[in-house]
Asker: 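Got a structure for you, written out below as C-alpha coordinates; questions coming shortly.
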Amino acid sequence: GAVVSQHPSWVICKSGTSVKIECRSLDFQATTMFWYRQFPKQSLMLMATSNEGSKATYEQGVEKDKFLINHASLTLSTLTVTSAHPEDSSFYICSASDRADYEQYFGPGTRLTVT
Amino acid sequence: KNQVEQSPQSLIILEGKNCTLQCNYTVSPFSNLRWYKQDTGRGPVSLTIMTFSENTKSNGRYTATLDADTKQSSLHITASQLSDSASYICRYNQGGKLIFGQGTELSVKP
(Lines give C-alpha, C1' and ligand atoms only; values in the text may rest on other atoms or scores of the structure.)
Protein backbone atom coordinates (compact mmCIF):
# COMPACT_ATOMS: atom_id res chain seq x y z
CA GLY A 1 0.00 0.00 0.00
CA ALA A 2 0.82 3.74 0.07
CA VAL A 3 1.99 4.01 -3.52
CA VAL A 4 2.67 7.41 -5.01
CA SER A 5 3.35 7.94 -8.70
CA GLN A 6 4.73 10.87 -10.63
CA HIS A 7 4.46 11.76 -14.26
CA PRO A 8 6.50 12.33 -16.24
CA SER A 9 9.60 10.64 -14.85
CA TRP A 10 11.76 13.00 -16.86
CA VAL A 11 11.15 16.02 -19.05
CA ILE A 12 13.25 18.35 -21.15
CA CYS A 13 11.85 21.76 -21.98
CA LYS A 14 13.08 24.96 -23.53
CA SER A 15 13.77 28.05 -21.50
CA GLY A 16 10.69 30.21 -21.15
CA THR A 17 8.17 27.42 -21.47
CA SER A 18 6.05 25.89 -18.72
CA VAL A 19 6.00 22.29 -17.63
CA LYS A 20 3.51 20.42 -15.46
CA ILE A 21 4.37 17.53 -13.17
CA GLU A 22 1.66 15.28 -11.75
CA CYS A 23 1.70 13.47 -8.43
CA ARG A 24 -0.88 10.80 -7.68
CA SER A 25 -1.62 8.70 -4.64
CA LEU A 26 -2.71 5.36 -6.11
CA ASP A 27 -4.15 3.46 -3.18
CA PHE A 28 -5.02 6.04 -0.56
CA GLN A 29 -6.55 9.46 -0.27
CA ALA A 30 -3.93 12.11 0.28
CA THR A 31 -5.29 15.08 2.14
CA THR A 32 -1.84 16.62 2.09
CA MET A 33 0.82 16.54 -0.60
CA PHE A 34 4.31 17.92 -0.48
CA TRP A 35 6.67 19.04 -3.21
CA TYR A 36 10.42 18.81 -2.83
CA ARG A 37 13.37 19.79 -4.97
CA GLN A 38 16.68 18.02 -4.85
CA PHE A 39 19.92 19.16 -6.44
CA PRO A 40 22.73 16.66 -7.05
CA LYS A 41 24.31 15.33 -3.87
CA GLN A 42 22.08 17.55 -1.74
CA SER A 43 19.26 16.94 0.68
CA LEU A 44 15.60 17.13 -0.24
CA MET A 45 14.35 20.70 0.15
CA LEU A 46 10.67 21.22 0.84
CA MET A 47 9.13 23.69 -1.60
CA ALA A 48 5.50 23.70 -0.60
CA THR A 49 2.72 21.87 1.20
CA SER A 50 -0.73 21.58 -0.29
CA ASN A 51 -4.00 20.47 1.24
CA GLU A 52 -6.82 19.26 -0.94
CA GLY A 53 -9.08 22.07 -1.98
CA SER A 54 -7.02 24.90 -0.53
CA LYS A 55 -4.06 27.02 -1.52
CA ALA A 56 -0.57 25.69 -1.10
CA THR A 57 1.75 26.92 1.62
CA TYR A 58 5.14 27.79 0.21
CA GLU A 59 8.44 27.64 2.03
CA GLN A 60 10.47 30.79 2.39
CA GLY A 61 12.30 31.68 -0.78
CA VAL A 62 10.05 29.66 -3.10
CA GLU A 63 8.26 31.82 -5.67
CA LYS A 64 4.59 30.94 -5.62
CA ASP A 65 4.00 32.57 -9.01
CA LYS A 66 6.71 30.50 -10.58
CA PHE A 67 5.85 27.16 -9.01
CA LEU A 68 2.10 26.77 -9.28
CA ILE A 69 0.63 23.99 -7.19
CA ASN A 70 -2.87 22.62 -7.55
CA HIS A 71 -4.35 19.96 -5.30
CA ALA A 72 -7.78 19.62 -6.79
CA SER A 73 -8.57 16.10 -5.61
CA LEU A 74 -7.60 13.71 -2.85
CA THR A 75 -5.43 11.72 -5.23
CA LEU A 76 -3.85 14.30 -7.51
CA SER A 77 -1.57 17.28 -7.08
CA THR A 78 0.22 19.12 -9.87
CA LEU A 79 3.28 21.32 -9.89
CA THR A 80 3.65 23.69 -12.83
CA VAL A 81 7.00 25.34 -13.37
CA THR A 82 6.20 28.50 -15.27
CA SER A 83 8.64 30.31 -17.56
CA ALA A 84 11.29 27.73 -16.79
CA HIS A 85 14.95 28.71 -16.73
CA PRO A 86 18.04 26.49 -16.76
CA GLU A 87 18.51 27.07 -13.03
CA ASP A 88 15.14 25.35 -12.48
CA SER A 89 16.70 22.12 -13.73
CA SER A 90 16.47 19.76 -10.81
CA PHE A 91 14.90 16.59 -9.47
CA TYR A 92 11.37 17.23 -8.22
CA ILE A 93 9.86 14.76 -5.77
CA CYS A 94 6.37 14.73 -4.35
CA SER A 95 5.11 12.97 -1.28
CA ALA A 96 1.64 12.33 0.03
CA SER A 97 0.03 11.84 3.39
CA ASP A 98 -3.45 11.03 4.52
CA ARG A 99 -3.05 13.39 7.47
CA ALA A 100 -1.23 16.67 7.69
CA ASP A 101 0.87 15.44 10.59
CA TYR A 102 1.34 11.85 9.52
CA GLU A 103 3.96 9.93 7.57
CA GLN A 104 4.72 10.91 4.00
CA TYR A 105 5.10 8.48 1.12
CA PHE A 106 7.37 9.55 -1.69
CA GLY A 107 6.92 9.40 -5.41
CA PRO A 108 9.72 8.28 -7.73
CA GLY A 109 10.63 11.81 -8.74
CA THR A 110 10.72 13.81 -11.97
CA ARG A 111 13.96 14.94 -13.57
CA LEU A 112 13.48 18.37 -15.18
CA THR A 113 16.07 19.69 -17.59
CA VAL A 114 15.62 23.19 -18.99
CA THR A 115 17.71 23.95 -22.06
CA LYS B 1 23.93 24.86 11.58
CA ASN B 2 22.19 21.85 10.10
CA GLN B 3 19.98 19.97 12.49
CA VAL B 4 20.92 16.66 10.90
CA GLU B 5 24.46 15.80 9.84
CA GLN B 6 25.35 12.56 8.10
CA SER B 7 28.75 10.98 7.78
CA PRO B 8 30.62 9.99 5.84
CA GLN B 9 29.58 11.98 2.78
CA SER B 10 30.55 9.06 0.58
CA LEU B 11 31.79 5.55 1.11
CA ILE B 12 33.20 2.83 -1.12
CA ILE B 13 33.20 -0.77 0.07
CA LEU B 14 33.72 -4.18 -1.48
CA GLU B 15 30.81 -6.48 -2.10
CA GLY B 16 30.13 -8.71 0.88
CA LYS B 17 31.59 -6.31 3.44
CA ASN B 18 29.66 -4.59 6.20
CA CYS B 19 29.40 -0.85 6.73
CA THR B 20 27.91 1.64 9.15
CA LEU B 21 26.52 5.03 8.26
CA GLN B 22 26.12 7.75 10.87
CA CYS B 23 23.52 10.41 11.48
CA ASN B 24 24.04 13.04 14.20
CA TYR B 25 21.15 15.27 15.10
CA THR B 26 20.15 18.20 17.22
CA VAL B 27 16.45 17.90 16.45
CA SER B 28 14.51 17.72 19.71
CA PRO B 29 11.96 16.50 20.34
CA PHE B 30 10.99 14.28 17.48
CA SER B 31 8.39 11.61 17.04
CA ASN B 32 10.21 9.20 14.76
CA LEU B 33 13.31 8.66 12.69
CA ARG B 34 13.49 7.01 9.29
CA TRP B 35 16.33 5.79 7.18
CA TYR B 36 15.76 5.87 3.43
CA LYS B 37 17.53 4.38 0.46
CA GLN B 38 17.48 6.58 -2.62
CA ASP B 39 18.67 5.10 -5.88
CA THR B 40 19.97 7.55 -8.45
CA GLY B 41 17.08 9.27 -10.19
CA ARG B 42 14.47 7.76 -7.90
CA GLY B 43 12.49 8.84 -4.88
CA PRO B 44 13.47 7.76 -1.35
CA VAL B 45 12.30 4.35 -0.18
CA SER B 46 11.90 3.72 3.53
CA LEU B 47 14.16 1.11 5.11
CA THR B 48 13.41 1.46 8.82
CA ILE B 49 11.38 3.62 11.14
CA MET B 50 12.07 4.08 14.83
CA THR B 51 10.25 6.02 17.50
CA PHE B 52 12.10 8.16 19.99
CA SER B 53 11.94 5.38 22.60
CA GLU B 54 13.36 2.60 20.41
CA ASN B 55 17.04 1.71 20.34
CA THR B 56 17.28 -0.62 17.40
CA LYS B 57 15.21 -1.78 14.44
CA SER B 58 16.14 -4.33 11.81
CA ASN B 59 14.91 -4.93 8.30
CA GLY B 60 16.76 -7.81 6.69
CA ARG B 61 20.37 -6.78 6.20
CA TYR B 62 19.67 -3.27 7.48
CA THR B 63 19.85 -2.46 11.19
CA ALA B 64 19.21 1.03 12.51
CA THR B 65 20.17 2.15 15.99
CA LEU B 66 19.28 5.23 17.97
CA ASP B 67 21.13 6.66 20.96
CA ALA B 68 19.17 9.52 22.45
CA ASP B 69 21.96 10.35 24.90
CA THR B 70 24.59 11.00 22.24
CA LYS B 71 21.97 12.12 19.68
CA GLN B 72 23.25 9.67 17.15
CA SER B 73 21.64 7.20 14.82
CA SER B 74 23.39 4.67 12.67
CA LEU B 75 22.46 2.37 9.82
CA HIS B 76 24.40 -0.86 9.60
CA ILE B 77 24.40 -2.82 6.37
CA THR B 78 25.64 -6.38 6.50
CA ALA B 79 26.92 -8.51 3.63
CA SER B 80 26.67 -5.66 1.17
CA GLN B 81 25.47 -6.27 -2.36
CA LEU B 82 26.10 -4.36 -5.56
CA SER B 83 22.47 -3.25 -5.48
CA ASP B 84 23.09 -1.50 -2.17
CA SER B 85 24.87 1.26 -4.10
CA ALA B 86 22.69 4.29 -3.44
CA SER B 87 22.30 7.35 -1.26
CA TYR B 88 21.15 6.69 2.30
CA ILE B 89 19.26 9.45 4.03
CA CYS B 90 18.20 9.80 7.64
CA ARG B 91 15.14 11.86 8.40
CA TYR B 92 13.51 13.09 11.59
CA ASN B 93 9.83 13.81 11.98
CA GLN B 94 9.25 16.75 14.28
CA GLY B 95 5.50 17.15 14.61
CA GLY B 96 4.91 16.52 10.93
CA LYS B 97 7.87 18.60 9.79
CA LEU B 98 10.44 16.37 8.12
CA ILE B 99 14.10 17.21 8.60
CA PHE B 100 16.45 15.41 6.22
CA GLY B 101 20.13 14.74 6.35
CA GLN B 102 22.16 15.37 3.22
CA GLY B 103 22.73 11.68 2.67
CA THR B 104 25.66 9.31 2.43
CA GLU B 105 26.57 8.08 -1.04
CA LEU B 106 27.43 4.38 -0.80
CA SER B 107 29.18 2.60 -3.62
CA VAL B 108 29.59 -1.17 -3.47
CA LYS B 109 32.28 -2.51 -5.77
CA PRO B 110 32.70 -6.11 -6.96
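Computed over heavy atoms, backbone and side chain alike; hydrogens, waters and symmetry mates excluded. Nothing here was measured: the structure is a model prediction, and the numbers come from that model. So you know, we letter chains A, B, ... as the sequences are listed, proteins then strands, and number each from 1.
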Asker: A quick test of your reading: do over 12 heavy atoms of other residues, nucleotides or ligands sit less than 6.0 Å from NZ of Lys71(B)?
Answerer: yes
Asker: Give me the atom names and distance for the closest heavy-atom approach of Phe100(B) to Leu44(A).
Answerer: CD1-O, 4.1 Å
Asker: Do other residues, nucleotides or ligands put more than 12 heavy atoms under 6.0 Å from Met50(B) CE?
Answerer: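 Correct, the count exceeds 12.
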Asker: With only heavy atoms counted, which part of Gln9(B) is less than 4.5 Å from chain A, the side chain, the backbone, both or neither?
Answerer: neither
Asker: Can you name the nearest heavy-atom pair linking Gly101(B) to Ser43(A), along with the distance?
Answerer: O-OG, 3.1 Å
Asker: Can you tell which part of Gln6(A) gets under 4.5 Å to a heavy atom of chain B, answering side chain, backbone, both or neither?
Answerer: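 No part of Gln6(A) comes within 4.5 Å of chain B.
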Asker: Measure across Tyr36(B) and Gln104(A) and return the closest heavy-atom pair with its distance rounded to 0.1 Å.
Answerer: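 So the two residues come closest at OH-O, 4.3 Å.
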Asker: Tell me whether Phe52(B) at atom CZ has more than 12 heavy atoms from other residues, nucleotides or ligands lying less than 6.0 Å away.
Answerer: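 For Phe52(B), atom CZ is not crowded (no more than 12 foreign heavy atoms under 6.0 Å).
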Asker: Roughly how far, to the nearest 0.5 Å, is the CG atom of Leu98(B) from the OH atom of Tyr36(A)?
Answerer: 4.0 Å
Asker: Hey, quick one: are Leu66(B) and Leu47(B) part of the same hydrophobic cluster, counting side-chain heavy atoms closer than 4.5 Å, chains of contacts allowed?
Answerer: yes
Asker: Under 4.5 Å heavy-atom distance to chain B, tell me which part of Ile93(A) shows up: side chain, backbone, both or neither.
Answerer: side chain
Asker: So which residue, Gly109(A), Pro108(A), Gly107(A), ends up with the most heavy-atom pairs under 4.5 Å with chain B?
Answerer: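 Among Gly109(A), Pro108(A), Gly107(A), the one with the most close pairs to chain B is Pro108(A).
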Asker: Using a cut-off of 6.0 Å, state whether more than 12 heavy atoms not belonging to Lys66(A) lie near its atom NZ.
Answerer: yes
Asker: Would a single hydrophobic cluster contain both Ile21(A) and Phe91(A), if residues Ile, Leu, Val, Met, Phe, Trp and Tyr are joined by side-chain heavy-atom contacts under 4.5 Å?
Answerer: no
Asker: Do Val62(A) and Val81(A) share a hydrophobic cluster, counting only Ile, Leu, Val, Met, Phe, Trp and Tyr and linking them when any side-chain heavy atoms are less than 4.5 Å apart?
Answerer: yes
Asker: Please classify the contact between Asn32(B) and chain A as side chain, backbone, both or neither, with a heavy-atom cut-off of under 4.5 Å.
Answerer: side chain
